[in-house]
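Have a look at the structure below, then the notes.
Keep in mind the model is a prediction, meaning the values are calculated, not measured. All values below were derived from every heavy atom in this structure, side-chain atoms included, with hydrogens, water molecules and symmetry-related copies excluded. Each ligand, and each atom within it, is numbered from 1 in the order the structure gives.
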Amino acid sequence: MSDKPVIAVLVSGSGSNLQAIIDASERGEIPCRVGLVISNKTDAYGLVRAKKHGIPTEVVSHKDFSGREEFDARLVEILRKSGAELICLAGFMRVLTPVFVRAFPNRIINIHPALLPSFPGTHGPRQALDYGVRFSGCTVHFLDEGVDTGPVIVQGVVPVYCDDTEDTLAARILVQEHRIYPMAIRLFFQGRLRIDGRRVMVDGLPRIPEFFHRNPDA
Ligand code: GRF
């Protein structure tokens with residue numbers, strides 16, 4: 001067993017972000033390994049993905065608990081035992097209470113399919129389409145006690161086209177999610193992230209070339 005630091009990933013569904021993280025770990029692109037995958041749903045495909053890579057899994061159904069705090073307390077108990085140094089929410093469709101958030105200060109990150117603070121909550125791609133924005137994207141952020149309100153670590157941008165459906169936009173965003181989630185994890189374990197109020201300062205961040213995108217580019 002490798003002595004790399006352990007991360008835990010929480011999923012509720014397909015787990016394609018989990019897969020991107022596992023792949024990045026196996027390729028040595030992030031200096032940690034996925035030591036535990038937790039799902040609140042027994043049929044989450046993310047559990048199958050984990051098992052294919054020999055990663056231990058736990059199912060904790062929120063339906064077995066009398067309230068959100070009780071559910072969160074059980075998650076905290078399991079995660080503490082796992083020794084995970086970072087907890088990654090990857091399509092985990094439960095709102096977590098302060099019981100969870102306060103147990104792991106600045107050690108929980110989430111991915112959201114929109115450019116926060118635009119379009120928090122569910123159906124980010126649909127909200128972006130309905131609003132009519134020309135660009136959307138995805139955000140990896142630290143978890144705080146709000147819904148999708150924590151300090152932003154990385155964002156990726158995609159264009160929104162007039163003929164997009166919720167599915168085509170979500171698929172375009174997902175491609176970027178798979179790139180920025182491992183990137184955020186790498187920066188975390190390289191010790192390059194420092195939270196300063198709302199802002200996450202990234203140590204040694206190279207400037208990206210000046211760019212100008214417009215959409216439509218008519
Ligand atoms: C992603 O769009 C993620 O941003 C959102 O839920 C979706 C999960 O996809 N929170 P997957 O389970 O990682 O494939």
How does Met93 reach ligand 1, by side chain, by backbone, by both or by neither, if only non-hydrogen atoms under 4.0 Å count?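 Looking at Met93 and ligand 1, no heavy atom falls under 4.0 Å.
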
Under the side-chain contact (heavy atoms from CB on, under 4.5 Å) criterion, do Tyr181 and Ile109 qualify, and how do the steps go? CA-CA 9 Å; Tyr181 214 157; Ile109 62 178; 3.5 Å; yes

Residue and atom name of the nearest protein heavy atom (relative to [atom]), distance in Å to one decimal:
atom	answer
atom 1 (C) of ligand 1	Glu177 OE1, 3.1 Å
atom 8 (C) of ligand 1	Gly91 CA, 3.6 Å
atom 11 (P) of ligand 1	Ser16 N, 3.4 Å
atom 9 (O) of ligand 1	Asn17 ND2, 3.9 Å

Aromatic Phe104 / basic Arg80 pairing, under 6.0 angstrom, 45° off normal: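 Yes.
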
Any side-chain donor-acceptor pair under 3.5 Å between His178 and Gln19?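 Short answer, no.
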
Counting heavy atoms not belonging to Arg199, are there more than 12 under 6.0 Å from its CZ?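 No, CZ of Arg199 has 12 or fewer neighbouring heavy atoms, counting only those of other groups under 6.0 Å.
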
My understanding is that we take every heavy atom of each candidate and find the minimum distance to atom 12 (O) of ligand 1. Doing that for Ser12, Gly15, Ala114, which one comes out nearest?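 The nearest heavy atom belongs to Gly15.
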
I'd like to know if Ile111 contacts ligand 1, where contact means a heavy-atom distance under 4.0 Å to any ligand atom.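 Under 4.0 Å: yes for Ile111.
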
Please determine if Asp164 and Arg172 form a salt bridge, counting it only when a charged side-chain N lies under 4.0 Å from a carboxylate O.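 The answer is yes: the pair qualifies as a salt bridge.
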
At what distance, to the nearest 0.5 angstrom, does CD of Glu29 lie from CG of Asp23?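 Result: 9.0 Å between the selected atoms.
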
